[in-house]
Amino acid sequence: MEATRQKPKPETSAQPQKRKMSGSEAVIYSLLAEGVDTIFGYPGGAIMPIYDALYGFQDRIKHVLVRHEQGAAHAAQGYARVRNEVGVCFATSGPGATNLVTGIADAQIDSTPIVCITGQVPSHLLGTDSFQESDVLGISMPVTKWNFQVTKPEEIPWAIARAFYIAKTGRPGPVLLDITKDAQFGEVDFEYKKCEKIRSYHPYPPVEDDKISAAAELINTAKKPYLLVGHGVLLSGAEEQLKGFVEKAGIPVASTLLGLSAFPTDHPQYVGYLGMHGNYGPNVKTNECDVLIAVGMRFDDRVTGDPNKYAPQAKVIHIEIDPSEIDKIIKTSVAINADAKQALEKLTEAVKPNKHESWIQEFRDCDEIEYQKVIEHDIYPKSKQIRMGEVIRELNELTHGEAVLVTDVGQHQMVANRYWKFKKSNSNITSGGLGTMGFALPAAMGAQVAKPDTPVVSISGDGGFQMTIQELGTISQYKIPVKMVLLNNDFLGMVRQWQQLFFEKRYSFTEMTNPDFIKIAEGYGVPGKRITERSELTGALKEMYECEGAYLLEIAVEKEENVFPMVPSGDSVANIRLD
């Protein structure tokens with residue numbers, strides 16, 4: 001058993017004078033030097049020395065004890081997304097570390113900067129299959145931007161500085177540090193230096209003027225230019241630059257799922273949401289534009305459908321910080337490998353003022369078709385049962401679009417993002433690329449901790465809610481006032497929709513027998529209510545939203561409601577279905 005020693009009292013400054021300390025103390029001082037104020041985590045044997053060091057810093061770093069390590073990763077994501085900063089989570093070795101992997105993979109594909117610190121067995125036991133040992137580096141390597149195993153205490157400040165720099169620069173992403181127990185107990189002459197440069201790592205490629213000129217020439221001569229906004233605009237902090245460019249060039253703007261909230265949905269040049277369940281016009285008009293400008297997005301298959309039939313008539317301008325994403329799926333005419341903010345600033349200077357009113361009107365004509373065939377029935381239904389769209393409409397009106405919206409994965413996710421009116425940047429938190437059920441509850445928890453004075457509303461389905469339902473315990477313990485809306489159709493709704501449309505209604509293992517969610521919430525000390533009638537909806541939403549603390553509102557919605565429009569998987573975006 002490792003010997004313990006008396007710890008000195010914590011320094012009052014963020015960085016102590018150079019002196020000896022344990023590796024575990026060095027972890028905490030390093031995090032303070034990076035400005036960390038919140039950690040989501042779950043202790044265990046291999047990370048216990050770090051938790052012991054954290055005990056003396058509770059007045060300076062808030063630790064949120066989650067109920068499952070996956071929840072820690074998702075909470076760190078929610079924190080990172082609303083603050084546009086690095087989120088931090090802790091876990092122990094073995095199953096603690098492996099439980100983080102889903103959240104790490106989610107952060108990787110959605111470019112969310114988080115630093116995950118895991119404990120590991122002592123270095124002399126590595127590779128012996130000792131108790132709670134797992135090769136977390138090997139397991140996490142495909143889903144991290146960088147990972148590193150610390151086996152010596154003197155490596156700790158260097159590794160943490162490098163981790164934060166890598167996580168937040170360029171295309172952001174998750175970093176994992178695995179720290180052996182002997183490195184935590186060992187002594188180090190602590191001195192912290194922030195990382196500002198890594199040889200061979202160039203996170204911000206310079207904007208090439210010839211590429212800007214070539215792009216501007218295409219835009220200036222275009223009859224039907226069309227701009228697609230991705231998550232990279234938010235990550236770059238380029239919202240104002242985007243708006244300035246769009247208004248000068250007069251171009252219609254559509255958003256990917258993760259790009260939502262980068263551009264105001266009430267702007268006259270905003271034409272809607274892209275993708276498999278996006279708006280009718282933004283999908284159809286993709287195959288009619290003559291110049292397609294993609295900013296900070298990666299042409300995911302949920303956006304393109306069949307890439308061979310995606311905008312074949314258009315000249316494509318792709319502004320993207322990650323060079324591996326350029327020409328990976330859609331071939332470009334002009335590739336601008338650069339930070340979105342810097343590229344848009346230069347492009348705005350280069351383009352000529354223009355208006356494309358008749359072209360934008362074509363999108364508005366599509367809006368009218370979609371309204372009559374889909375939207376009106378979703379948000380003002382005549383059916384007896386409550387529909388998801390009307391819930392989102394009423395909730396959006398109640399919150400005035402001021403709340404942060406956190407969605408799980410499934411039908412409710414598509415409906416919520418279609419009908420929510422985003423007014424503020426970084427107010428849309430969802431799992432895009434990985435599509436992780438169970439994301440919403442812990443991510444909303446992290447978002448609310450990050451912005452305690454901003455209302456946070458999570459939308460979940462009955463399937464995803466049960467995957468991380470234990471985080472109600474965290475919400476209760478820390479009095480996190482997140483408002484939870486559970487849209488319950490007693491089905492795995494999106495899978496059921498596909499079974500109906502493409503598998504002749506063979507509902508193979510998608511119908512669910514659900515528990516009494518309100519009793520479960522009450523068991524955790526969280527108040528709630530279940531409603532089944534439309535007449536109850538307005539009052540119940542108001543009661544939930546005005547509650548001072550956390551609240552769960554379960555709404556029984558139409559069981560076999562389908563989400564349209566829909567681009568069938570692998571089909572052309574031009575073949576989007578309205579029913």
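All values derive from a computational prediction rather than experimental measurement. The figures here come from the full heavy-atom set of this structure, side chains too, leaving out hydrogens, waters and symmetry mates.
Salt-bridge annotation for Glu85 and Lys168: absent, with no side-chain N of the basic residue lying under 4.0 Å from a carboxylate O of the acidic one. One finds a salt bridge joining Glu325 and Arg171 here, because a Lys/Arg side-chain nitrogen approaches an Asp/Glu carboxylate oxygen to under 4.0 Å. No salt bridge links Glu345 with Lys341; every basic N to acidic carboxylate O contact stays at or beyond 4.0 Å. Salt-bridge check for Lys223 with Asp290: failed, with every basic side-chain N at 4.0 Å or more from each acidic carboxylate O. Using a cut-off of 4.0 Å between Lys/Arg side-chain N and Asp/Glu carboxylate O, Glu370 and Arg418 are scored as salt-bridged. Between Asp300 and Arg298 there is a salt bridge, with a side-chain nitrogen of the basic residue lying less than 4.0 Å from a carboxylate oxygen of the acidic one. The residues Lys285 and Glu288 are annotated as salt-bridged, a charged nitrogen and a carboxylate oxygen being separated by less than 4.0 angstrom. Between Glu390 and Arg534 a salt bridge is recorded (basic side-chain N to carboxylate O distance below 4.0 Å). Checked for salt-bridge contact, Asp579 and Lys373 miss the test: no charged N lies under 4.0 Å from a carboxylate O.
What you find for Val406 and Ala440 is that their closest heavy atoms are CG1-O, 3.6 Å. Residues Val457 and Ala403 come closest through the heavy atom pair CG2-CB, 4.1 Å.
Taking Phe502 as the reference, Trp498 meet the ring-ring contact (aromatic ring centres under 6.0 Å, His included) condition, with sequence neighbours excluded. Listed by chain and number, the residues in a salt bridge (Lys or Arg N to Asp or Glu O under 4.0 Å) with Lys421 amount to none (sequence neighbours excluded).
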Side chain to side chain contact (heavy atoms under 4.5 Å, CB included) assessment of Gln413 paired with His277:
CA-CA 10 Å; Gln413 177 190 31; His277 290 286; over 6 Å; no
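Using modelled atom types, one finds a donor on one side chain and an acceptor on the other under 3.5 Å when comparing Asn562 with Gln500. Using modelled atom types and a 3.5 Å distance limit, the side chains of Glu394 and Thr538 yield a donor-acceptor pair. In summary, the side chains of Tyr507 and Glu560 do present a donor paired with an acceptor at a separation below 3.5 Å, with no hydrogens or angles considered.
Remark: of the listed residues Asp110, Thr407, Thr436, Thr407 is the sole one forming a side chain to side chain donor-acceptor pair (under 3.5 Å) with Thr430.
Here Tyr280 and Phe564 keep their ring centres 6.0 angstrom or further from each other.
Annotation: cation-pi pair Arg393/Tyr419 absent, no NZ/CZ under 6.0 Å from the ring centroid and within 45° of its normal.
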